[in-house]
Structure formats: structure tokens, C-alpha cells
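Notes follow once the structure below has been shown.
Computed from a predicted model, the values in this text were never measured in an experiment. Note: hydrogens, waters and symmetry copies are ignored here, and every other heavy atom, side chains too, is used.
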Amino acid sequence: MGLFSFTQEIAMDLGTANTIIISNDKIVVDEPSVVALDRRTDKMIAVGERAKMMYEKENPNIRTVRPLRDGVIADFNACEQMMRGLIKKVNTGRRLFTPSLRMVIGVPSGSTEVELRAVRDSAEHAGGRDVYLVFEPMAAAIGIGLDVEAPEGNMIVDIGGGSTEIAVISLGGIVSNNSIRIAGDDLTADIQEYMSRQHNVKVSERMAERIKIHVGAALTDLGDDAPEDYIVRGPNRITALPMEVPVCYQEIAHCLEKSIAKIETAILSALENTPPELYADIVNNGIYLAGGGALLRGLDKRLTDKINIPFHVAEDPLLSVAKGTGIALKNVDRFSFLMR
């Protein structure tokens, strides 16, 4: 990238929890999808990691926003500011002028026309000239290294922060898909509610997220892989006195049971709508898990036992969609499933 490059190509996985940007085959930005705005002027104060540190700790003059909810844009202005701020982090070199952007962005497969339009408008306002959209499960499949254009069925379950995308892919298209609004954020909310109800301790969204990372599990028996108990500190809901509560993974597995059961049902429903030939391929190849939710301990084993098809966790589940958008960006002319 010199002083006179006219076009810059970037691939973006615009996620509810994290946004990842790839430029020149390298991950240049991997930050939380949070932006901090000044309440009076609506100007951006911080974006990404710095804004996340302010989240749930702001004073009345600062508003921290997660612009995406359930995989779609909930706050248009904040999303646009966040995209601008993160794209600025890519362009740190010396330049005489801002280059025009060619972008490929991953979007949920259950998006309506209006939601797709919102992503496209935000990208254009943030400086995108050529904007291509690709469905997230398709991007995840490419990122995992599957041949999406081959005449065989592959199934991807992408459990993100706001939505779980389930898709059967063959010949460069999505044959049957199911997108549900149950994902990482709902698991975090379940933990918050459980801590309040069971232990009488108030926990913030960030603390619930930490509990999920340290002791989150989908099975009540993890054998040798069991994590240590996690100590949660917070105010008692009734007396407001400080409390310390050790939390074990079995408790969390119980409290996440309902949400995980809904994901299981959605996977079965996508399999029901799969043509028999592709179904046979899926049984042979197994089903791939991507997204942050794939890191939940014991989830692959639980799904394998329940559905009788082997589940494989992608090599780097958090980055599968981003890697896929990066590969799609290099082959824009070849991939027919990219939407203009």
C-alpha cells in the first residue's frame, strides 16, 4: 500500500460481539463491536477494545452502545461511526488521500432485505464504494477450508453473539438454512438471571460473559476436561453487601440447558428440510461448528450424542467467518454467491 493506492480492499466480519477486519490477507482489526459516544454531540469518543472497557462503567455524559443486536443493526448511526472508527485503524500508514474501499461483509443468512440494505448503507456511509455481502455460514464454510462449489452437501452451524446460523451448502448456494436469534448473548443473559435467582448476587453482563468463558459448559460431566470453579464477586441483591460465590461448570450447564436445546431443535429442523442425497453427504462429512459459541465446553460431544452425526469444531472458530470473507474478497469475480 503506497502513497498513491486508489482502492483498498478489506473484508469484514461485522459481528454482534466482535468485528474482525482483514486487509492484505492479514487480520488487522479484531475488536469488540462497541462504540462510546458523547451524549450531547453524538461524536465518537472510543471504539472497539477501549469502548468495551467503558461499557457498563460510563458516567452520564458518555453512552456506550453495542450497535448490533441479534446479528442485525439496531442503532444505525452508532454502527456507522463504529465501522468508520475500525476502518480508520486499518489505515495507519501515510497517505495523501483516503482510498476508496472495496468491501466484502458477512451477514446473517436469515437477514431480510431491509436488514441487508441497512448493512450496505452503513458500509457505503463509512466509505465503501464496492460493497459485496456474503452470508455468514457460506463465509464460515470457506474459512474452514471446505469446497463450497463442489456438488456435495456440507453443513455449518455458526453460533455467534446474536444469532445462530445453520446452513446446508452445495454447489455454491445455501440449500436449506435456519437462522435463530439464540446465541452467545442469550447464554450470557441466562447466566445473569441464574446468578440472581440462585445465588442472590447481581452480576453485570461483562461478569456473566467472564463466567461463561471460565466455566461455561454444555454437559454436566466433562470428565478430565473439567475447569476449576470460578469465584464471582458482587453485591447481594437484597442487602447490597458484598458476596463471594464459587460457581462450578455443572451449575452453568444446567442453566444453559434450555437455550442449547433450542439450538439442537433448530439444527434438526434444518436437517429435516435437507434433500436425502445431501443428507447422506452430511452424515459422511459430519457437521462443522464455527463462531464463538463453538468454544462452549462439551457442545460438540453433546450434539454428536443427540443427533448421531459427528460434529467437528473448526480450527479457529472465532475467525472462520472473517477468513472466509477474506478469501471471498480475493475471488470476487469467481464466486457467484456474493451479493452486490
Check whether the side chains of [X] and [Y] place a donor and an acceptor atom closer than 3.5 Å, and report yes or no.
X      : Y      : result
Thr64  : Glu58  : yes
Glu165 : Ser179 : yes
Ser33  : Thr19  : yes

With side chains defined as the heavy atoms from C-beta onward, is the minimum distance between [X] and [Y] less than 4.5 Å?
X      : Y      : result
Ile238 : Asn200 : yes
Glu115 : Val119 : no
Ile105 : Thr325 : no
Ile20  : Val29  : no
Leu271 : Met155 : yes
Asp281 : Asn154 : no
Val104 : Val332 : yes
Val157 : Ile267 : yes

So which heavy atom on [X] is nearest to which on [Y], and how close?
X      : Y      : value
Pro67  : Val35  : CG-CG1, 4.1 Å
Gly85  : Met44  : CA-CE, 3.8 Å
Lys262 : Ile180 : O-CD1, 4.0 Å
Ser109 : Asn177 : OG-ND2, 3.2 Å
Tyr249 : Ala226 : CE2-CB, 3.3 Å
Tyr55  : Arg206 : O-NH1, 3.2 Å

Is there a donor-acceptor pair under 3.5 Å between the side chain of [X] and the backbone N or O of [Y]?
X      : Y      : value
Ser111 : Val107 : no
Arg233 : Pro242 : no
Asp75  : Ala78  : yes
Arg129 : Met103 : no
Ser176 : Ala270 : yes
Ser269 : Thr265 : no
Arg181 : Gly162 : no
Asn59  : Asn61  : yes
Asp70  : Val72  : no
Arg66  : Thr16  : yes

I need the [X] [atom1] to [Y] [atom2] distance, nearest 0.5 Å.
X      : Y      : atom1 : atom2 : answer
Arg237 : Met195 : CZ    : CE    : 11.5 Å
Glu136 : Ser163 : CD    : OG    : 6.0 Å
Lys212 : Ile191 : NZ    : CD1   : 6.5 Å
Ile263 : Ile166 : CD1   : CD1   : 7.5 Å
Tyr194 : His199 : OH    : NE2   : 4.5 Å
Glu124 : Asp130 : CD    : CG    : 9.5 Å

In terms of hydrophobic clustering (I, L, V, M, F, W, Y; side-chain heavy atoms under 4.5 Å; direct or indirect links), are [X] and [Y] co-clustered?
X      : Y      : value
Val283 : Tyr288 : no
Ile213 : Leu256 : no
Val28  : Leu101 : yes
Ile22  : Met82  : no
Leu116 : Ile174 : yes

Kindly determine whether Asp25 and Lys330 satisfy side chain to side chain contact (heavy atoms under 4.5 Å, CB included), including the steps that lead there. CA-CA 9 Å; Asp25 295 344; Lys330 290 208 303 241; 3.3 Å; yes

Greater than 12 external heavy atoms within 6.0 Å of [X]'s [atom1]:
X     : atom1 : value
Asp42 : CG    : yes
Arg50 : CZ    : no
Met53 : CE    : no
Glu56 : CD    : yes

Which of these, Asp190, Asp186, Thr164, sits in a side chain to side chain donor-acceptor pair (under 3.5 Å) with Ser259? Asp190

Decide yes or no on side chain to side chain contact (heavy atoms under 4.5 Å, CB included) for Asp229 and Val215, but give the supporting numbers first. CA-CA 7 Å; Asp229 289 3; Val215 288; 5.7 Å; no

Salt-bridge present (Glu113, Arg117; N to O < 4.0 Å): no

Sidechain N-carboxylate O distance under 4.0 Å for Glu49, Lys52: no

Without placing hydrogens or testing angles, list every side-chain donor-acceptor pair under 3.5 Å for residues 306-317, not counting sequence neighbours.
from, atom 1, to, atom 2, distance (Å)
Lys306, NZ, Glu264, OE1, 3.2
His312, NE2, Asn285, O, 3.2

Apply side chain to side chain contact (heavy atoms under 4.5 Å, CB included) to the pair Leu68 and Leu14, showing each step before the final yes or no. CA-CA 9 Å; Leu68 290 106; Leu14 187 63; 4.1 Å; yes

Steps toward side chain to side chain contact (heavy atoms under 4.5 Å, CB included) verdict (Leu187, Ile182): CA-CA 8 Å; Leu187 302 181; Ile182 300 249; 5.6 Å; no

Side chain to side chain contact (heavy atoms under 4.5 Å, CB included) involving Ala218 - partner list, sequence neighbours excluded: Ile260, Leu296, Leu299, Arg302

Which ILVMFWY residues can you reach from Leu318 by hopping between side chains whose heavy atoms are under 4.5 Å apart? Leu295

